[in-house]
Amino acid sequence: MRSPIEMLGGSGDEELNRLLEQFRQEVTGLEELQEHISEVRGRGEAAQGRVTAEASLTGALISLTIDPRAMRLGSGELAEAILQAADEAARDAGERARELVNPFVADTLLETVLPPQGRR
């Protein structure tokens, strides 16, 4: 079964064919963007690099590495370092996603609803 776009193609209207091809390219680009965004990971660290975290775009913690030297911090400081690294990782993931999305929203109304780079 052919898609409506395919059925419109080859109509003999050069402008319509050009617009359909442009549309196809944009859809392909958006499909690739969706795939890349699903793979976005951010990285954060704290306690002089002794605590590192990796987070998904949603902020979910994917990995956490605690250097044995970080155990000397005490439970309160270690907990704070973990939270700091996780927050930094989530922010980094957001920045990476924004970099991927920017070419698609630049000079559109969508650009106005995204938070400025560096802030969430």
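None of the values given here were measured: they were computed from a predicted structure.
In terms of heavy-atom proximity, Ala46 sits nearest to Ala81 at CB-O, 3.3 Å. Annotation for Ala90 and Gly59: closest pair CB-CA, 4.0 Å, computed over non-hydrogen atoms. For the pair Val51 and Ala47, the tightest heavy-atom approach, listed with the atom from each and the gap, is CG2-CB, 4.3 Å.
Linking ILVMFWY residues whenever their side-chain heavy atoms come closer than 4.5 Å, directly or via other members, places Ile82 and Met71 in the same cluster. With hydrophobic clusters built from ILVMFWY side chains whose heavy atoms lie under 4.5 angstrom apart, Leu61 shares a cluster with Ile66.
Rounding to the nearest 0.5 angstrom, the gap separating the CG atom in Leu83 from the CD atom in Glu80 is 6.0 Å. Taken from CG in Leu20 to CD in Glu15, the straight-line distance is 10.0 Å, to the nearest 0.5 Å. Once rounded to the nearest 0.5 Å, the distance linking CZ of Arg18 with CG of Asp13 reads 10.5 Å. Within the model, atoms CD of Glu45 and CD of Gln84 stand 9.5 Å from one another, a figure rounded to the nearest 0.5 Å. Within the model, atoms CD of Glu21 and CG of Leu19 stand 11.0 Å from one another, a figure rounded to the nearest 0.5 Å. Residue Leu57 holds its CG atom at 11.0 Å from CG of Asp92, rounded to the nearest 0.5 Å.
Using a 4.0 Å cut-off between charged nitrogen and carboxylate oxygen, Arg91 and Glu88 do not count as a salt-bridge pair. Ion pairing between Glu99 and Arg96 fails under the 4.0 Å rule for side-chain N and carboxylate O. Ion pairing of Glu39 with Arg41 is absent here, as no side-chain N (NZ or NE/NH1/NH2) approaches a carboxylate O to less than 4.0 Å.
With hydrogens and angles ignored, the 3.5 Å screen pairs no side-chain donor or acceptor of Glu54 with any backbone N or O of Ile62.
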Can you list the steps and then say if Val40 with His36 is a side-chain contact (heavy atoms from CB on, under 4.5 Å)?
CA-CA 7 Å; Val40 165; His36 290 300; 5.9 Å; no

